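To keep things clear, I will list the structure first and then write my remarks on it.
Proteins get letters first, then strands, A, B, ... in listed order; numbering begins at 1 in each. Note that the coordinates shown come from a computational prediction; the quantities given were computed from them, not determined experimentally.
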There are 2 protein chains.
Amino acid sequence: MTERGTPETGAEFDLEAFLPFILNQTAEVIGKSFQAHYRAAYGMTRTQWRVLAIVGRYGGLTASDICAIAHEEKSRVSRAVAALEERGMLSREISPEDKRAEILSLSAEGAETYRVLGQAALAFDQALRDRLGPEAETQLRDLLQRLRSVTGGAEKG
Amino acid sequence: MTERGTPETGAEFDLEAFLPFILNQTAEVIGKSFQAHYRAAYGMTRTQWRVLAIVGRYGGLTASDICAIAHEEKSRVSRAVAALEERGMLSREISPEDKRAEILSLSAEGAETYRVLGQAALAFDQALRDRLGPEAETQLRDLLQRLRSVTGGAEKG
DNA sequence: GGAAGTCAGTTGCATTGGCAACCAAATTAT
DNA sequence: ATAATTTGGTTGCCAATGCAACTGACTTCC
């Protein structure tokens, strides 16, 4: 790599110290590191994994519920659900109360996948906790929480 | 939203408490919140903004340097550089030492844009610091740093 | 009861992104 | 020297996004 020049003047902006950048960087590194579990092993998208996780955890909810919980966009969720159904991981059923809404639930295979990935995720989280130390990890969660609420917990869907 | 069912058994995985998810969530919220500055105001991509920031800060470096600094992928950087050049924000010049490499530098307009956006970024960062409190902010940076180094500071390019 | 608005979910389209193949210059090995 | 490898950078292709438009179902309000 060529040598870096020196900054010109006074209070200069430094991307590498920019919190949004650092946050994104960290999220990406950590995210990619877990990606292997659902992507390499199951060929799943991150959104698909999230949908699976949510439907696995709380059965019988709708796509909108997922949007709200995962703060995902409806089109993404829609496609993820379609893909998961395609793969026989979950099934939809039109809600008797509201014929627009579809109640989602995992198939046996989906449930099994959820179990495996859920365990992997728990282990992954535990590993992070182990390395940071429990109190640091709590602190981190707290700080991230505060950070998020700062900019308004704005929804997206 | 329909009511959530109850989890089935023992140590169940909960996406909303999953650190990678939380991290990503936070990064996205914060990131989008700053996006307005470069996207709405200048129609720039995040990668373009990053490239501009780096070239603005350290002039006369190459695309590979940017990849290393921003941990971005070379194709992304390549396209961002092309777009910025297209818009007259920066210029390339073949390195005399290595005819493959291109030395990048900002045009007057690019420099001005960098100045404006850099100031906005500094202000943004300061605002976050103000809300978290200075010691919490330092702590956060430290924790994120540790988190990143944990999973190996693996490069991507 | 019907028009107007809202809500669940889907789809089309134009960008974006990742990945691998690729070209040309540089370096290393034989 | 020249073949083989590595490196800087670009490009093609396909999957994934983002956003807005759209369909059909529900609600509201007159």
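Residues A:A63 and B:T47 each lie close to DNA chain C; by heavy-atom proximity, the contact nearer the 5' end of the strand is made by A:A63. Residues A:P96 and B:Q35 both approach DNA chain D. Their nearest nucleotides, taken by heavy-atom distance, put B:Q35 toward the 5′ side. If A:R79 and A:K99 are placed on DNA chain D by their nearest nucleotide, the residue sitting closer to the 5' end is A:R79.
Side-chain N or O atoms of B:R146 include one that pairs as donor or acceptor with a backbone N or O of A:L132 at under 3.5 Å. Remark: the backbone N or O of B:L122 is not paired with any side-chain donor or acceptor of B:D125 at under 3.5 angstrom.
Phosphate proximity of D:dA16 to A:T45: present, with a side-chain N or O under 4.0 Å from OP1 or OP2. A:S78 has no side-chain polar atom (N or O) that falls below the 4.0 Å cut-off from OP1 or OP2 of C:dG9.
Put simply, CD on A:E102 is 12 Å from P on C:dA8, counting in whole angstrom units. Between the CZ atom of B:R46 and the P atom of C:dG18 there is a distance of 9 Å, rounded to whole Å. Distance CZ (A:R76) to C1' (C:dA8): 19 Å, rounded to an integer number of Å. Regarding B:I66, its CD1 atom lies at a distance of 11 Å from the P atom of D:dT10, rounded to whole Å. One can place NZ of B:K74 at 10 Å from P of D:dT10, the figure rounded to the nearest angstrom. Straight-line distance from the CD atom of B:E86 to the C1' atom of C:dT15: 16 Å, rounded to whole Å. Nucleotide C:dG17 holds its P atom 15 Å from the CZ atom of A:R39, rounded to whole Å. Note: CD (A:E73) to P (D:dA16) measures 16 Å, nearest angstrom.
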Contacts table for residues 45-56 of chain A: side-chain donor-acceptor under 3.5 angstrom, sequence neighbours left out:
from, atom 1, to, atom 2, distance (Å)
A:R46, NH1, B:N24, OD1, 3.3
A:R50, NH1, A:E72, OE2, 2.6

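For the residue pair A:E12/B:Y114, the side-chain donor-acceptor check at 3.5 Å is satisfied.
Distance from the side chain of B:S75 is smallest for C:dG18 among the nucleotides D:dG9, C:dG9, C:dG18. Out of C:dA20, D:dG9, D:dG8, the shortest distance to the side chain of B:R100 is found at D:dG8. Closest to the side chain of A:K32, out of D:dC19, D:dG9, C:dC19, is C:dC19. Among the nucleotides C:dC19, C:dG17, C:dA8, the one closest to any side-chain atom of A:A101 is C:dA8.
Residue contacts shown for A:R92 are limited to sugar-phosphate atoms, with no base heavy atom under 4.0 Å away.
Atom CD of A:E135 is surrounded by more than 12 heavy atoms from other residues, nucleotides or ligands within 6.0 Å.
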